[in-house]
Protein chains: 2
Amino acid sequence: MFSKACEYGIRAAVYIALQSLEGRRVSVNEIAEEIDSPIAFTAKILQQLSRNKVIHSVKGPTGGFEIERTDMDNLKLNMIVKAIDGDQIYVGCGLGLKECNEDKPCPLHDKFVAIRTDLRHMLESTSLYELATGLEVGLTYLKR
Amino acid sequence: MFSKACEYGIRAAVYIALQSLEGRRVSVNEIAEEIDSPIAFTAKILQQLSRNKVIHSVKGPTGGFEIERTDMDNLKLNMIVKAIDGDQIYVGCGLGLKECNEDKPCPLHDKFVAIRTDLRHMLESTSLYELATGLEVGLTYLKR
DNA sequence: CATTAATCGGACAAAATTGTCCTTTATTTG
DNA sequence: CAAATAAAGGACAATTTTGTCCGATTAATG
Ligand code: FES
Ligand code: FES
């Protein structure tokens with residue numbers, strides 16, 4: 001469904017959101033540890049998220065990654081997915097035709113679009129804040 | 001969503017189904033031509049489908065691939081997807097945890113499972129026959 | 001029985017994704 | 001200002017996925 005990079009990206013963003021709620025800024029090392037991901041690869045992904053303004057980074061001692069509390073409600077999953085995997089998941093044809101096209105649809109078009117639309121709505125409506133709070137109260141996990 | 005191999009596999013299977021409805025057996029070359037896919041790679045995928053009894057193959061002159069008319073209604077997309085991509089799409093965690101686990105869910109679990117379940121139902125209920133008939137009447141396309 | 005047409009299967013090649021390492025840049029602190 | 005710390009970024013390596021090639025196998029046909 002999502003690329004590995006995107007999976008790590010979402011897990012990292014949720015962890016950063018959680019820590020930012022407590023006013024903590026976190027390092028790549030801590031993030032990779034807490035979400036159980038390869039450190040250097042995670043660093044690359046965080047760079048992407050930072051460039052795309054999904055998260056905020058600060059260099060130097062006491063630096064690290066954070067997410068502004070005020071942004072958190074408006075930061076939806078689809079922004080992370082778009083930043084990392086692009087919009088193929090939104091516009092691509094389920095059977096791999098050049099593009100999904102209503103006028104010359106593949107045999108699966110109608111059924112595929114229905115599910116893709118649900119997925120899009122889910123990603124567009126789910127905020128990092130929402131996901132972070134589930135973590136906070138111990139209902140959900142970022143590693144196992 | 002699906003791998004390239006799986007996309008080609010579904011397109012190929014639908015084309016074979018369509019031709020089988022007209023009593024024709026088709027070669028890899030014809031299939032690859034009609035669904036616009038790399039020939040040798042398509043051949044590999046057809047082997048997989050053949051081994052998994054999704055399609056039937058006949059060697060030698062006049063040989064090729066076909067699908068029994070009697071099977072066609074019962075041949076659902078999920079069999080193709082399982083044969084080629086395995087069941088990761090059915091049991092995998094959306095955020096990449098080792099496995100999807102109700103008891104120690106990732107933050108996205110509930111929302112992800114809802115969509116994954118819809119997808120599963122769609123794949124389990126959609127038959128090759130159904131997809132082939134749409135092609136037959138010119139409503140849908142396998143290449144563009 | 002020889003020829004030919006087709007899939008099967010293994011080895012290989014190319015490309016994309018995933019992952020690592022190391023140097024540079026920015027920032028804090030003493 | 002010097003040292004230490006952390007992200008940025010570029011080059012490279014490993015793995016997986018995608019794709020190719022070619023000989024072996026099977027079956028039909030004259
Ligand atoms: S054309 Fe294939 S999903 Fe729309
Ligand atoms: S645990 Fe992540 S989707 Fe179920």
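A quick note: this is a predicted structure, and the numbers were derived from the prediction, not measured. So you know, we letter chains A, B, ... as the sequences are listed, proteins then strands, and number each from 1.
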Side chain to side chain contact (heavy atoms under 4.5 Å, CB included) between B:I84 and B:I10, intermediate numbers included: CA-CA 10 Å; B:I84 299 176; B:I10 295 174; over 6 Å; no
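- Under the rule for a side chain to side chain donor-acceptor pair (under 3.5 Å), the partners of A:S3 that lie at least two apart in sequence or sit in another chain are A:D85.
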Without placing hydrogens or testing angles, list every side-chain donor-acceptor pair under 3.5 Å for residues 103-112 of chain A, not counting sequence neighbours.
residue: A:H109; atom: NE2; partner: A:E102; partner atom: OE1; Å: 3.2
residue: A:K111; atom: NZ; partner: B:T126; partner atom: OG1; Å: 3.1
residue: A:K111; atom: NZ; partner: B:E130; partner atom: OE2; Å: 2.7

Return all side-chain donor-acceptor pairs below 3.5 angstrom for residues 65-83 of chain B, not counting sequence neighbours, or 'none' if the list is empty.
residue: B:E66; atom: OE1; partner: B:R25; partner atom: NE; Å: 3.1
residue: B:E66; atom: OE2; partner: B:H56; partner atom: ND1; Å: 3.0
residue: B:K76; atom: NZ; partner: B:D73; partner atom: O; Å: 3.2

task: Between protein and nucleotides 16-28 of chain D, map the contacts as a letter string: B base, S sugar-phosphate only, - none, heavy atoms under 4.0 Å, written 5' to 3'.
output: --SBB----BBBB
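- Residues that satisfy the side-chain contact (heavy atoms from CB on, under 4.5 Å) test with A:R51, not counting sequence neighbours, are A:Q47, A:Q48.
- Note: CG (A:L49) to P (D:dG9) measures 13 Å, nearest angstrom.
- Put simply, chain A comes within 4.0 Å of DNA chain C, heavy atom to any atom, from C:dT18 to C:dT28, going 5' to 3'.
- A:R51 has its CZ atom 8 Å from the P atom of D:dA8, to the nearest Å.
- In this structure, A:R25 reaches neither bases nor backbone, as no heavy-atom distance under 4.0 Å exists between it and the strands shown.
- A:L139 belongs to a hydrophobic cluster whose remaining members, ordered by chain and number, are A:V137; membership requires side-chain heavy atoms of ILVMFWY residues under 4.5 Å apart, directly or through intermediates.
- Take A:Y8 and apply the ring-ring contact (aromatic ring centres under 6.0 Å, His included) test, not counting sequence neighbours, and it matches A:F41.
- Listed by residue number, there are no residues of residues 88-101 of chain B with a heavy-atom contact under 4.0 Å to DNA chain D.
- Sorted by first and then second residue, the pairs that involve residues 6-15 of chain A and meet salt bridge (charged side-chain N to carboxylate O under 4.0 Å, His left out), not counting sequence neighbours, are A:K4-A:E7.
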Let me check something: any side-chain donor-acceptor pairs from residues 57-64 of chain A under 3.5 Å, sequence neighbours excluded? List them with distances.
residue: A:S57; atom: OG; partner: A:S50; partner atom: OG; Å: 3.4

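- Applying the side chain to side chain donor-acceptor pair (under 3.5 Å) criterion to A:S20, with sequence neighbours excluded, gives no partner residue.
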